[in-house]
Visitor: 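Please find one structure pasted underneath; my questions will follow.
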Amino acid sequence: MSASHSVVLVYTVAHAIRIERLLAARGAACRLIPVPRHLSSDCGVCVRIDRADTPLARRVIAEAGLDIEGIAELR
Amino acid sequence: MTPLAGRVLYLDNAATSWPKPPGVAEAMTAFLADVGANPGRSGHRRAVEAARLVFDAREGIAELVGASDPLRVVFGANATEALNLALVGLLRPGDRVLCSSMEHNAVMRPLRALEQRGVGVDVVACSSTGELAVADVEAAMRPRTRVIVLTHASNVTGTILPVAAVGRLARDRGLLFCVDAAQTAGAVPIDVVADGIDLLAFTGHKGLLGPMGTGGLVLGDRVDPATLPPLKRGGTGSRSSEELQPDFLPDKYEAGTPNVVGLAGLAAAVRWVLDRGVADVRRHEIALTRRLLTGLAGIEGVTVHGPGDAERQTATVSFTLAGRDPAEVGLLLEEEHDVLCRVGLHCAPAAHRTLGTFPSGTIRFAPGVFTTAEDVDRAVAAVRSIAGGTR
Ligand SMILES: Cc1ncc(COP(=O)(O)O)c(C=O)c1O
């Protein structure tokens, strides 16, 4: 399952929820999950997305003017 | 019903609204009973649920005031804290700030304190009904004027100030425009973009119909957070490895565990207001105000202070009774008629000086969205009986 997912690493949980809701509004499935231990993040949660939705996620994040830590593939 | 509810007629909605809409107390109880976690401090599902409740409140406020980015809604304890954040953060020694003579002490006291630190404060006089002429604002501008701060509506007379026109003026002159929406958010339509508002301070417990201890500041696009320092610094759950306050929104301005109980209630309250529609709330309150003004006008010895026109004010109506001390009238209203209102200076001495009602103040009736026409008639009858006659 994980191999088909990526996570958006954010600076604060409010950004995670903002991204989750913007993606949901565009019909993309995503979920807030605790940050996997091997990835660093501050706020404890990240947004798990289908890897195929990565370009959409980047677009949504850019449109919202959000700074993120990055997008990492889950393996 | 609690024993205090009784047949009391609550006409003090300008101080804080009561009752609250269905769903507000329930949302607060549900948070305490079933969620209870600290948002943003942990990654578990309860913490995320708490963060979602806070975000719901952010989205609700953004929608209500026409702000496109909910992350630019920053929460704090009330409008007072938001106004302090805005004014103390923006104004430096040598800057000048413009305000009206109808401001609440939540604006005047921070400004007078800043004045002692070298900020120039120009107070534009309003008319004896509390109305502000945009030309007078323009005439009062000076080269060092940096910010205009205005109450959207007076908490004493309900007078609505011309924020959209002043917003345009501020924009034309490159000034920042800060609006104190304590008396109007939820009761009078607000559109931060159309009205040219750069910083909108709101409080959750009045027209937004939420609990006390909630409020905040909506930051427009022209406000660069890098130029607005926070009032307080501390834990945010984010950037925990760093000892400097985060520079991103909303965390920059939200140090410390937020009032999630209150914000859960606020989210439910704002949802109720959005579902009903601010325009509909406004229609109801205009009708009540018209009825109240007409009723009071028929009583010998009553002077209404303010525009006397329901369209030009909120549902807050201030009046005096000839030869009677407002404090005495307030006591009679409560003891003989179970009408609860607020008398005196209403934390706004500047406004009462403008109206000519300083220092004894006025009697203030503030119906709200749950007040009925019959309630207004009962209040008018109470005043008539205290005044002892009909005009
Ligand atoms: C016009 C105005 N500004 C600011 C405030 C301050 O609101 P709060 O006490 O919720 O901070 C109030 C209410 O008391 C008000 O009426």
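Each chain gets a letter, A, B and so on, in the order its sequence line appears, and its residues count up from 1.
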Visitor: Top residue by heavy-atom pair count (under 4.5 Å) with chain A, among B:Asp69, B:Leu71, B:Val54, B:Val48?
Guide: B:Leu71
Visitor: Please flag which part of A:Leu66 lies under 4.5 Å from any non-hydrogen atom of chain B: side chain, backbone, both or neither.
Guide: side chain
Visitor: Using distance alone, with no hydrogens and no angle criterion, decide if B:Asn38 and B:Thr257 have a side-chain donor and acceptor under 3.5 Å apart.
Guide: yes
Visitor: Check the pair A:Leu56, A:Leu23 against side chain to side chain contact (heavy atoms under 4.5 Å, CB included), reporting the backbone distance first and the verdict last.
Guide: CA-CA 8 Å; A:Leu56 173 67; A:Leu23 283 172; 4.0 Å; yes
Visitor: Does the Lys NZ or Arg CZ of B:Arg239 fall within the cation-pi geometry relative to A:Tyr11 - under 6.0 Å from the ring centre and within 45° of the axis?
Guide: yes
Visitor: Could you tell me which of B:Glu59, B:Glu242, B:Arg45 has the largest number of non-hydrogen atom pairs under 4.5 Å with chain A?
Guide: B:Glu59
Visitor: Heavy-atom distances under 4.5 Å only: say whether B:Phe248 touches chain A with side chain, backbone, both or neither.
Guide: side chain
Visitor: Chain A heavy atoms under 4.5 Å from B:Asp247: which part of the residue, side chain, backbone, both or neither?
Guide: neither
Visitor: Measure distances from B:Ser68 to the heavy atoms of chain A and classify the residue's part below 4.5 Å as side chain, backbone, both or neither.
Guide: backbone
Visitor: Indicate yes or no: does B:Asp172 engage B:Arg168 in a salt bridge with an N to O separation below 4.0 Å.
Guide: no
Visitor: Would you check, one step at a time, whether the test side chain to side chain contact (heavy atoms under 4.5 Å, CB included) holds for B:Arg146 with B:Leu90?
Guide: CA-CA 9 Å; B:Arg146 188 148 176 258; B:Leu90 290 173; 4.3 Å; yes
